[in-house]
Amino acid sequence: MKILVTDQSGTRHELEGLESWRVMEVIRDWGLDIKAECGGACSCATCHVYVDESWLKRLLPASPEEEDLLYTAPGRQANSRLSCQILLSDALDGLEVTLAPGSAKD
C-alpha cells in the first residue's frame, strides 16, 4: 500500500508501506526528514504530521495521550496527528500527509 508524503520543503513522495506499520515507520525507513525520537512510543511529538482533510474521517480518533502531546507540538492545526499513532490498513491506502515543520531533524 502507498502513502503520499509532502516533506517540509514541499516535495511530494509516494512511499510504499506494509499493513499494520506505523506511518512514522514508513516515513523514517524511506529516509525522509523526520525526527521520530521516541520510535513510536507516543511519548514525544517529533513525528507530527498534517493529515489531508479528505482522510481525517477515516482515521481512528486520537487517544488522550496523543492529544496531550499534540497540544505541545509547534504549529498544531485541526488536522494534526502523530504519525506513530496511525497504522496502515487497506482503508488508508493512498493516505496523504504533510510533515510538520517541527518534525524535521535538527
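From a predicted model like this one, the values you see are computed outputs, not experimental measurements.
- Residues Val23 and Val49 form no side-chain contact, since every pair of their non-hydrogen atoms from C-beta on lies 4.5 Å or further apart.
- Contact of the Ser89 side chain with the Met1 side chain is not registered, since no non-hydrogen atoms from C-beta on lie closer than 4.5 Å.
- Taking NZ from Lys2 and CG from Leu15, the interatomic distance works out to 9.5 Å, rounded to the nearest 0.5 Å.
- Of all heavy-atom pairs between Asp90 and Glu19, the closest is OD1-OE1, 4.2 Å.
- Counting all heavy atoms, side chain and backbone alike, Gly75 lies closest to Tyr50 at O-OH, 2.7 Å.
- The two atoms that bring Ala91 and Trp55 nearest to each other are O-CZ3, 3.5 Å, heavy atoms only.
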* With side-chain contact (heavy atoms from CB on, under 4.5 Å) as the test, would you mind laying out the steps for Val5 and Val26 before giving the verdict? => CA-CA 10 Å; Val5 180; Val26 176; over 6 Å; no
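- When the salt bridge (Lys or Arg N to Asp or Glu O under 4.0 Å) test is applied to Glu53, no partner is found at least two apart in sequence or on another chain.
- Side-chain atoms of Trp30 come within 3.5 Å of backbone N or O of Glu16 as a donor-acceptor pair.
- Contact check for His13 versus Asp7: side-chain heavy atoms found under the 4.5 Å cut-off.
- Here the side chains of Ile27 and Ile3 are in contact, with some heavy-atom distance below 4.5 Å.
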* To do: Evaluate the criterion side-chain contact (heavy atoms from CB on, under 4.5 Å) for residue pair Ser103 and Gln8; output intermediate values, then yes/no.
  => CA-CA 9 Å; Ser103 66; Gln8 295 90 342; 3.3 Å; yes
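- Considering all non-hydrogen atoms of both residues, Thr46 and Ile34 come closest at O-CG1, 3.8 Å.
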* Could you go step by step and tell me if Glu96 and Thr6 meet the side-chain hydrogen bond (donor to acceptor under 3.5 Å, both in side chains) rule? -> CA-CA 8 Å; Glu96 297 179 48; Thr6 302; over 6 Å; no
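- Distance check, rounded to the nearest 0.5 Å: CG of Leu87 to CG of Leu92 gives 9.0 Å.
- Listed here is the closest heavy atom pair of Cys47 and Ser83: O-OG, 2.9 Å.
- Remark: Glu66 engages Arg81 in a side chain to side chain donor-acceptor pair (under 3.5 Å) (not counting sequence neighbours).
- Distance check: Gln77 CD to His48 NE2 gives 7.0 Å after rounding to the nearest 0.5 Å.
- In this structure, CZ in Arg28 is found 10.5 Å from SG in Cys84, a value given to the nearest 0.5 Å.
- Nearest heavy-atom pair across Leu99 and Asp33 is CD1-O, 3.7 Å.
- Membership of the apolar cluster around Leu69 extends to Leu70, Leu82, as traced through chained side-chain contacts below 4.5 Å between ILVMFWY residues.
- Between Asp52 atom CG and Leu4 atom CG the span is 9.5 Å, to the nearest 0.5 Å.
- Heavy-atom neighbours of Leu60 CG from other residues, nucleotides or ligands within 6.0 Å: at or below the threshold of 12.
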